[in-house]
Amino acid sequence: MLDIKFVRENFSTVELALAARGAATDIAGLKNKDADRLALLQEIESLRFERNTVSDRIATLKKAGEDAADLMRDMRNVSAAIKEKDKTLAALDTAIQEMLLGLPNLPHPSVPVGNSAADNVEIRKVGTPPVSDGTPKAHWDLGEQLGILDFERAAKIAGARFPLYLGAGARLERALVNFMLDVHTTRHGYKEVLPPFMVNRTAMTATGQLPKFEADLFKLDGWDYYLIPTAEVPVTNIHQGEILDEAMLPIFYTAFTPCFRSEAGSYGKDTRGLIRQHQFNKVELVKFVAPENSYEELETLTANAEYILQQLNLAYRVVTLCAGDLGFSAAKTYDIEVWMPAQNQYREISSCSNFEDFQARRGNIRFRSKGKKGTRFVHTLNGSGLAVGRTVAAIMENCQLPDGSIRIPDALRPFMGGQETIEK
RNA sequence: GGAGAGAUGGCCGAGUCGGCUGAAGGCGCUCGCCUGCUAAGCGAGUAUGCGGGUAACACUGCAUCGAGGGUUCGAAUCCCUCUCUCUCCGCCA
């Protein structure tokens, strides 16, 4: 959420920044409502002042045994007026709040201009894609042949876009989860957390999924529970409504969770394989930091995610999302894209973002510095470290051998009981 | 699922018959004093949000005692609804 005060004082800056994202917004309408609200608020406050003052006098008079009937009658009218105006104020408040909740974050100045993924800027390429003599097989074909993925039976159990891992496939997924969590906790200094997989509306609103993107979420019928689309939601909300001590910052969390996405509107895209599922596993990295450091922290968070790919020996590149491709809540995002041989292209496997104070304001996550008055909003960041299903897919395609078996990356073998290949 | 109890500031904990209670008292914390170590003692300060005001302070208005609504000139205190927590019973991985 944007700071209404900032919008008020930097109207044209905000308008331009939002336009850069291609967001259609009624900033002028917001500005008018805000002005109306402030005027009305001041009116109401002076009425309240009068009532408070006179009520005190009534108390004094009554104690002295004097008559206060006139004052009481006057105040009855004042109270009625306050009540009436309060209704208008509440309506304005709601309208303004709704408008603010619907506005996306402002892109950081370093974010490239552009309208779509085509305008994203590649900033580095790491590793070399494997050279194969034949045509590399897609992971879904490999998975089927090896008997470690079974999308047909998954569809029978649930429906399209659900995975069913079997045998070494299931173990590979689990090994990756353990590997990633171990690296992030022991090498990168994150604290492991295991949060709820369902969250309420307030939590979803804090991180920005709601109110705008309800259609992307699975909701439990009859409950105020949504299945999480990413661990970002429960983990960022750990400190919702809290005032942290600056000495506690930065806070790094890593969490493994399944993620649930409706993928509404993505019909026909990635219909085969593990790339786009209603349910997938992900190890997430989340940071709460002081505003001064958040962009440095974005770099290290991204590096932390990249490290996993380096250890697995998978070729990847990092791109900076352009303003038009930025997610709703993000001020700046790096996507890490892994090389997928069968598709002959890089595919997103991690998205690392700095939200600045956008989520913190929605979730009311603040911190206090010693010696300084007042509080400030923290900056929140998160990134996948990594999407596990997509990592399995990448390993299968990049580490396939001519006979259709898969060579398990060295770093993963300790987590697979020493197993070196997955064969039929 | 059934029965009961509770929700106050960073924490603990008072709030009587509604009226200087933004909130006693204690702890913690900060600053100062004192004390030749540590400890103790003394004094002052110590919530958040939104406005006004200031060069910046100062100062000042309104709101907030789980949330929302009601009664009243006036509500932490009375009434209603909801949420959450705890205890007991039942059930259960």
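Every chain is numbered from 1 and lettered A, B, ... according to where its sequence line falls, protein lines coming before strand lines.
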Next item on the list: Check A:Leu309 against A:Val338 and note the closest heavy-atom contact, atom names and distance.
Entry: CD2-CG2, 4.0 Å
Checklist line | Geometric class of the A:His239/A:Phe288 ring pair [parallel <30°, tilted 30-60°, perpendicular >60°] | finding: perpendicular
How many Å lie between [atom1] on [X] and [atom2] on [N], as a whole number?
X	N	atom1	atom2	answer
A:Arg37	B:G49	CZ	P	15 Å
A:Asn364	B:A67	CG	P	13 Å
A:Ile82	B:A63	CD1	C1'	12 Å
A:Asp93	B:G68	CG	P	12 Å
A:Ile96	B:G51	CD1	C1'	14 Å
A:Arg48	B:C50	CZ	C1'	12 Å
A:Gln97	B:C50	CD	C1'	13 Å
A:Asp34	B:C50	CG	C1'	11 Å

Provide the distance between the two [atom1] atoms, one in [N] and one in [M], to the nearest whole Å.
N	M	atom1	result
B:G19	B:U35	P	47 Å
B:G4	B:G90	C1'	15 Å
B:U85	B:G26	C1'	24 Å

Taking the cut-offs as 6.0 angstrom to the six-membered ring centre and 45 degrees off its axis, would you call [X] and [Y] a cation-pi pair?
X	Y	answer
A:Arg187	A:Tyr307	yes
A:Lys287	A:Phe252	yes
A:Lys212	A:Phe328	no

Checklist line | Minimum-distance nucleotide (side-chain atoms of A:Asn52 versus B:G51, B:A63, B:U48) | finding: B:A63
Note to self: I need a per-nucleotide contact map over nucleotides 71-85 of chain B, read 5' to 3'. Cutoff is protein heavy atoms under 4.0 Å; write B for the base, S for backbone only, - otherwise.
What the structure shows: S-BS-----------
Check: For RNA chain B, whose closest nucleotide is more 5', that of A:Lys63 or that of A:Leu41?
Finding: A:Lys63
Notebook entry, point to check: Got more than 12 heavy atoms from elsewhere within 6.0 Å of CD, A:Glu9?
Noted result: yes
Note to self: Within the supplied structure, the quantity of interest is the number of heavy atoms (other residues, nucleotides, ligands) at a distance under 6.0 Å from A:Lys219 NZ; does it exceed 12?
What the structure shows: yes
Notebook entry, point to check: Do the side-chain N or O atoms of A:Arg8 get closer than 4.0 angstrom to the phosphate oxygens (OP1, OP2) of B:G51?
Noted result: yes
Notebook entry, point to check: Are A:Glu43 and A:Lys85 ion-paired here, with the side-chain N under 4.0 Å from a carboxylate O?
Noted result: yes
Which part of the nucleic acid does [X] contact within heavy-atom distance under 4.0 Å: base, sugar-phosphate only, or nothing?
X	answer
A:Ser46	nothing
A:Arg57	nothing
A:Arg376	nothing

Next item on the list: State whether the distance check finds a donor on one side and an acceptor on the other, under 3.5 Å, for side chain A:Glu45 versus base B:G61.
Entry: yes
Next item on the list: If B:A5 has a Watson-Crick or G-U wobble mate with both distances under 3.5 Å, name it; if not, just say none.
Entry: B:U85
